[in-house]
Amino acid sequence: MSEETVPQQGGTGQPKGLLQQMEELMAALNADLSALDADLQAPGDADRRPSEEEQVG
């Protein structure tokens with residue numbers, strides 16, 4: 001691999017290990033999922049969905 005394709009860590013010039021990259025990606029994914037969950041559980045969310053009566057009539 002060339003230097004351009006290997007991610008660099010900080011300014012140390014040492015490439016990140018695969019485990020560290022995976023941990024960072026999992027942490028970012030977890031944060032995104034937590035934010036999405038909070039958005040979906042926000043109060044007033046049910047008001048935006050049509051009720052059964054509106055769908056039938």
Side-chain angles (χ1 to χ4, degrees):
M1 266 191 216
S2 68
E3 246 183 57
E4 293 83 51
T5 60
V6 178
Q8 298 295 315
Q9 181 180 16
T12 63
Q14 296 294 322
K16 292 181 182 179
L18 182 58
L19 181 60
Q20 183 178 355
Q21 291 178 15
M22 291 300 294
E23 288 174 346
E24 290 174 2
L25 288 171
M26 290 300 292
L29 178 60
N30 195 18
D32 289 344
L33 289 175
S34 294
L36 177 60
D37 185 49
D39 288 345
L40 292 175
Q41 305 233 359
D45 199 28
D47 294 339
R48 289 184 273 164
R49 296 183 190 134
S51 67
E52 277 188 40
E53 295 173 4
E54 291 173 354
Q55 291 176 352
V56 173

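In what follows, every heavy atom counts, from backbone to side chain, and hydrogens, waters and symmetry copies are set aside. Note that the coordinates shown come from a computational prediction; the quantities given were computed from them, not determined experimentally.
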Note to self: For the CG atom of Asn30 and the CD atom of Glu23, what is their distance to the nearest 0.5 Å?
What the structure shows: 13.0 Å

Next item on the list: Please identify each residue that fulfils side-chain contact (heavy atoms from CB on, under 4.5 Å) with Leu18, with sequence neighbours left out.
Entry: Gln21, Met22

Note to self: Just to verify, what does Glu24 make a salt bridge (charged side-chain N to carboxylate O under 4.0 Å, His left out) with, not counting sequence neighbours?
What the structure shows: Lys16

